[in-house]
Asker: 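Here it is, the structure in full.
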Protein chains: 2
Amino acid sequence: MELFWLKGYGSTSIADILSRSQVNSGSLYYFFPGKQDLLIAVLEAYRDGIGPMLLEPAWQGVDDPVERVFALLAGYRRALVETDCTYGCPIGSLALELHEPDAPVRALLAANFQGWIAGVEECLRAAASRFPPNADFHALAELALNVMEGGVMQARTFRDVAHFDRAVEQLRLHFDALMQPMVESK
Amino acid sequence: MELFWLKGYGSTSIADILSRSQVNSGSLYYFFPGKQDLLIAVLEAYRDGIGPMLLEPAWQGVDDPVERVFALLAGYRRALVETDCTYGCPIGSLALELHEPDAPVRALLAANFQGWIAGVEECLRAAASRFPPNADFHALAELALNVMEGGVMQARTFRDVAHFDRAVEQLRLHFDALMQPMVESK
DNA sequence: GTCTATAAAAGGATAGAC
DNA sequence: GTCTATCCTTTTATAGAC
């Protein structure tokens, strides 16, 4: 999991994994027939951890559902700062690294995105009364994901978290515009 | 260029390149000392082509500067549709595939993003009179890039262009909200 | 500048004893 | 289930003739 995150799938060799996990070749291949089976297991672990390992920790002490969305994004910001802007979303990185993923891999990448989006969408629906009646909560949750992935990509490429901050600020403005649909005309 | 786009950098072997280009090993290494030098040349070509190969064709026959932004995004949509949603932005894919790029590579990735953003920002500034006086055109152009990259990532992972369409629609709503800042109160 | 042949290393995966 | 040794392929890059 760590190696695929830090180096990517293709650049992580079996030898890397054996060394990092202090395991011998025979043992690894006893449980995982091939390298791709490791990837599948990793993606399943990420998928199963979206709630307990990602969303719930980010939402500790944050009750307002809309603020929970931004608390989640703040977690990515912290990861960027703590890694000197070398952090990458493991799912996003794998999604773009693997150009022709086998069906089960692609399905798991999609399941990971879907889980993230569903978590954010749930927040927004919990605040439905503050949004216009025709608000598209699914599209808004997808926008949050796109802003996060794009913001991380830019911040990492430019080695400057300000790119991520501007992305989040635009999302904030978008939400604010929806949540205050009526402005006094002058 | 084509192979790095279709297969990524790591998954493209020198043998692939020799075969595709009908060139022999000796000739290739005469001009390019190593594989990374090919990557650098490719990224330079993308950077130099942003105007003539990407923006200008997308803007043919589109005069309204704001619509030019969406015409550019429509080009990515077309690429997605024409490739059955296997298209990926070559720069975005490389930016996420390469986890620890050497300085010149990272600089060129950043230069490519910067060129794209600058082109969009110029459009928005050309329509400055329609935006509020405090509008952050740079942040808006970055948002457009993030929406594009995120939308392509989602559409490709889910093999469904609707994900891209929703992303663009949210950007449109964001722009509309800015460009019509005064709504009649009821 | 280009050709063929090949070096040298790293890659994923397997064999067979224990 | 785990160990070591190793097979076989692919990979990047080079050598040296032309």
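Letters A, B, ... are given to chains in the order of the sequence lines, protein chains preceding strands, and every chain is numbered from 1.
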Asker: For a 4.5 angstrom cut-off between non-hydrogen side-chain atoms, does A/Lys35 reach A/Tyr9?
Answerer: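 Answer yes - side chains close enough.
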Asker: Do the ring planes of A/Tyr76 and A/Trp116 sit parallel (below 30°), tilted (30 to 60°) or perpendicular (above 60°)?
Answerer: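 Ring orientation of A/Tyr76 relative to A/Trp116: tilted.
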Asker: Measure from CG on B/Leu28 to P on C/dC3 and round the result to the nearest Å.
Answerer: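 Nearest whole value for this atom pair: 12 Å.
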Asker: In whole angstroms, how far is the C1' atom of D/dT14 from the CZ atom of B/Phe32?
Answerer: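 For the pair B/Phe32 CZ and D/dT14 C1', the rounded distance is 18 Å.
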Asker: Rounded to the nearest Å, what distance is computed from the OH atom of residue B/Tyr30 to the C1' atom of nucleotide D/dG16?
Answerer: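 After rounding, the gap between these two atoms is 16 Å.
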Asker: If we only count heavy atoms from C-beta on, is the A/Thr12 to A/Leu6 side-chain gap below 4.5 Å?
Answerer: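 SC-SC contact between A/Thr12 and A/Leu6 ruled out.
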Asker: If the plane angle is over 60° it's perpendicular, under 30° parallel, otherwise tilted; pick one for A/Phe113 and B/Phe158.
Answerer: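 Plane angle between 30° and 60°, so tilted.
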Asker: Quick one: is B/Asn24 getting a side-chain N or O under 4.0 Å of the C/dC3 phosphate, OP1 or OP2?
Answerer: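 It does, given that an N or O in the side chain of B/Asn24 lies less than 4.0 Å from OP1 or OP2 of C/dC3.
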Asker: Between B/Asp84 and B/Arg159, is there a salt bridge with N-O shorter than 4.0 Å?
Answerer: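 No.
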Asker: Test the B/Arg156-B/Tyr87 pair against the cation-pi criterion, namely NZ or CZ under 6.0 angstrom from the six-membered ring centroid and within 45° of the ring axis.
Answerer: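 No; the conditions do not both hold, so B/Arg156 does not lie above the ring face of B/Tyr87.
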Asker: Would you mind building the protein contact string for nucleotides 7-14 of chain C? One character per nucleotide, 5' to 3', B for base within reach (heavy atoms under 4.0 Å), S for sugar-phosphate only, - for untouched.
Answerer: ----SSBB
